Amino acid sequence: MPKTNAFFANNLIQWYLQNKRTLPWRATKDPYRIWLSEIILQQTRVAQGLPYYLKFIEAYPSVKHLADAPESDVLKLWQGLGYYSRARNLHATAKMVANDMNGIFPNNYKELIKLKGVGDYTASAIASICYDHSEAVVDGNVFRVLSRVFSVSTPINSTVGQKEFKKLAQQLIDQKQPGTYNQAIMEFGARYCVPQNPNCDACIFNPHCIAFQTKTVNQLPVKIKAKPIKKRYFNYLVVISKNEKTILQQRLGKGIWHKLYEFPLVETSEKVNAKKLKTLPQFQEYTQNLKFESITLYNDEPITHKLSHQHLITQFWIIETFKEQHDFIPISKITKYAVPVLIENFVSEFFANY
DNA sequence: AAGTCGGGGTC
DNA sequence: GACCCAGACTT
């Protein structure tokens, strides 16, 4: 174990200053930019989030710009990043800050955590990075580094684990450079003390890392294992009129992709063929006024779209029709709507020639 | 305390 | 296929 907390913090910061990546949000203490980056990076790798950060800063240079945008624009810009509640909460908080707080972000943990989409991690990150407050962050990297160095085997996704690691992190944080320290331990976890096959032999902490000394690095951190993945069967009705129009619907219930758009969806408990599909009440409801000309299956083999907790086994049914109704939109306008990646992939492939 | 919420990278 | 990612929110 590190001899002292100061030893741990000092070495971590020293390592960080020599090895950190140059990232746009590391060149500012503007709370708007720090907040935006932290929301984008929740459960998201830097490489995946970076282009979105740049797009958002360009489209919305200030919190007021973001607040003044329609939510549909924000969701469209967020398209493809996942966990869309982040985008909805981002916009709601931007409006709150711009309209009710005179455009000025709260400057302490207690007030920051009241913002929608801002939890313990993000409030600590903003408070430490922007305002030099001693608030320790605990993200996936911190869990991993601390569990190994101090050999803490409490499950990181248990309530007691969360508290224990938060307490430990708070004891270790550098009081003079809390923001730098927080970023240092996260960077170290992301780049060195990685989940699989970390290069422990070259690690600056290996004399002090209990997991390394006891050869238990590959057993830490401990996590209560997730329940099995659910399979769902999606049938999308891709209606195409003679005037090259189609139907999109907005998802408004609970569940995935709230407020995003998709083709009319018939979900079934198993894979269905055209004959079976036509007998389903929901299919008949969608198509009762269409008097469609033909229905053909686009993909012979269902497309399996994998989410973290469910697999969407998807068939796209092409339905040609003469009739059009008020809710038809030109196919060329599909790109204006925020859609899930599953839909985006199909659209870009199928409509490539339209 | 357990479930839910995306998409992509890694091994 | 399993695990993970600069977590937060709902039930």
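Any value given below was found using the heavy atoms of this structure, including those in side chains, with hydrogens, waters and symmetry copies removed. Below, read A as the first sequence line, B as the second, and so on, with proteins coming before strands; counting in each chain starts at 1. From a predicted model like this one, the values you see are computed outputs, not experimental measurements.
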Of all the choices, dG7(C), dC4(C), dC11(B), which nucleotide is nearest to the side chain of Asn197(A) once you look at every atom?
dC11(B)

Residue whose closest nucleotide on DNA chain C lies nearer the 5' end, Ala190(A) versus Asn89(A)
Ala190(A)

Any side-chain heavy atom of Glu164(A) sitting closer than 4.5 Å to one from Val152(A)?
yes

Determine, step by step, whether Val272(A) and Tyr233(A) satisfy the side chain to side chain contact (heavy atoms under 4.5 Å, CB included) criterion, reporting the C-alpha distance in whole Å, the side-chain angles of both residues, the deciding distance to 0.1 Å, and the verdict.
CA-CA 9 Å; Val272(A) 294; Tyr233(A) 296 84; over 6 Å; no

Distance, rounded to the nearest Å, where Lys116(A) contributes NZ and dC9(C) contributes C1'
11 Å

Using the P atom as the reference point in each nucleotide, state the distance between dG8(B) and dA8(C) in Å, no decimals.
22 Å

Given dT4(B), dG7(B), dG7(C), the nucleotide with the shortest approach to the side chain of Tyr121(A)
dG7(C)

Check ion pair Arg26(A)-Glu187(A) (N to O, under 4.0 angstrom)
yes

NA contact type, Gln310(A), heavy-atom cut-off 4.0 Å: base, sugar-phosphate, or nothing?
sugar-phosphate

Rounded to the Å, how far apart are Met186(A) CE and dC4(C) P?
19 Å

Any base atoms under 4.0 Å from Ser308(A), or only sugar-phosphate, or nothing? Heavy atoms, all strands.
base

Counting only distance, no hydrogens or angles, is the base of dG6(B) paired donor-acceptor with the side chain of Tyr83(A) under 3.5 Å?
yes

Any residue in residues 251-260 of chain A with a heavy atom nearer than 4.0 angstrom to DNA chain B? Just list them by number, or reply none.
Gly255(A), Ile256(A), Trp257(A)

Find the distance Asn345(A):CG to dG6(B):C1' and express it as a whole number of Å.
13 Å

Would you say His305(A) places a side-chain N or O within less than 4.0 Å of OP1 or OP2 belonging to dG7(B)?
yes

Which word best sums up how the rings of Phe263(A) and Phe346(A) line up, parallel for under 30°, tilted for 30 to 60°, or perpendicular for over 60°?
perpendicular

Report the distance from atom CD of Glu344(A) to atom C1' of dG8(B), rounded to the nearest whole Å.
16 Å

Nearest heavy atoms of Arg144(A) and Pro221(A), plus distance in Å:
CG-CD, 3.8 Å

Side-chain donor/acceptor contact of Thr44(A) with base of dG7(C) under 3.5 Å:
no

When you check the gap from the basic side-chain N to the acidic O, do Glu111(A) and Lys114(A) get nearer than 4.0 Å?
yes

Roughly how far, to the nearest 0.5 Å, is the CZ atom of Phe350(A) from the OH atom of Tyr298(A)?
7.0 Å

Checking the side chain of Arg232(A) only, and the main-chain atoms of Leu312(A) only, is there a donor and an acceptor separated by less than 3.5 Å?
no

Scan side-chain atoms only and decide if Tyr236(A) and Glu262(A) contain a donor-acceptor pair under the 3.5 Å cut-off.
yes

Inspect the contact between Lys29(A) and Asp132(A) and indicate whether a charged nitrogen and a carboxylate oxygen are less than 4.0 angstrom apart.
yes

Do Glu71(A) and Lys259(A) meet the salt-bridge criterion of a basic N to acidic O distance under 4.0 Å?
yes

Please determine, for the side chain of Arg86(A), which listed nucleotide (dA6(C), dC11(B), dG6(B)) has the closest atom?
dG6(B)

Could you list by number each residue of residues 22-41 of chain A showing a heavy-atom separation from DNA chain B of less than 4.0 Å, or answer none if no residue does?
none

dC5(C), OP1 or OP2 - any side-chain N/O from Arg144(A) closer than 4.0 Å?
yes

Taking donor-acceptor contacts at under 3.5 Å, does the side chain of Thr122(A) reach the base of dG7(C)?
no

Could you tell me whether Val118(A) contacts a base, only the sugar-phosphate backbone, or nothing, with contacts defined as non-hydrogen atoms closer than 4.0 Å?
sugar-phosphate

Spacing of Asn218(A) atom CG relative to dT10(B) atom P, expressed in whole Å
21 Å

Pick the nucleotide of DNA chain B nearest each of Ser158(A) and Pro340(A); which residue has the one closer to the 5' end?
Ser158(A)

For Lys225(A) and Tyr16(A), find the nucleotide of DNA chain C closest to each by heavy atoms; which residue's nucleotide sits nearer the 5' end?
Lys225(A)

Without decimals, in angstroms, what is the distance between Tyr192(A) OH and dA6(C) P?
18 Å

Just checking Gly49(A): base, sugar-phosphate only, or nothing, at a heavy-atom cut-off of under 4.0 Å?
nothing

Both Gln196(A) and Arg88(A) contact DNA chain B. Taking the nearest nucleotide for each, which residue is further toward the 5' end?
Arg88(A)

Find the distance Leu90(A):CG to dA8(C):P and express it as a whole number of Å.
13 Å

For a quick test of reading the model: is some side-chain N or O of Gln43(A) closer than 4.0 Å to OP1 or OP2 of dG7(C)?
yes

Roughly, in whole Å, what's the span from CD in Gln162(A) to P in dA1(B)?
11 Å

P atoms of dA6(C) and dC11(B), separation to the nearest Å
14 Å

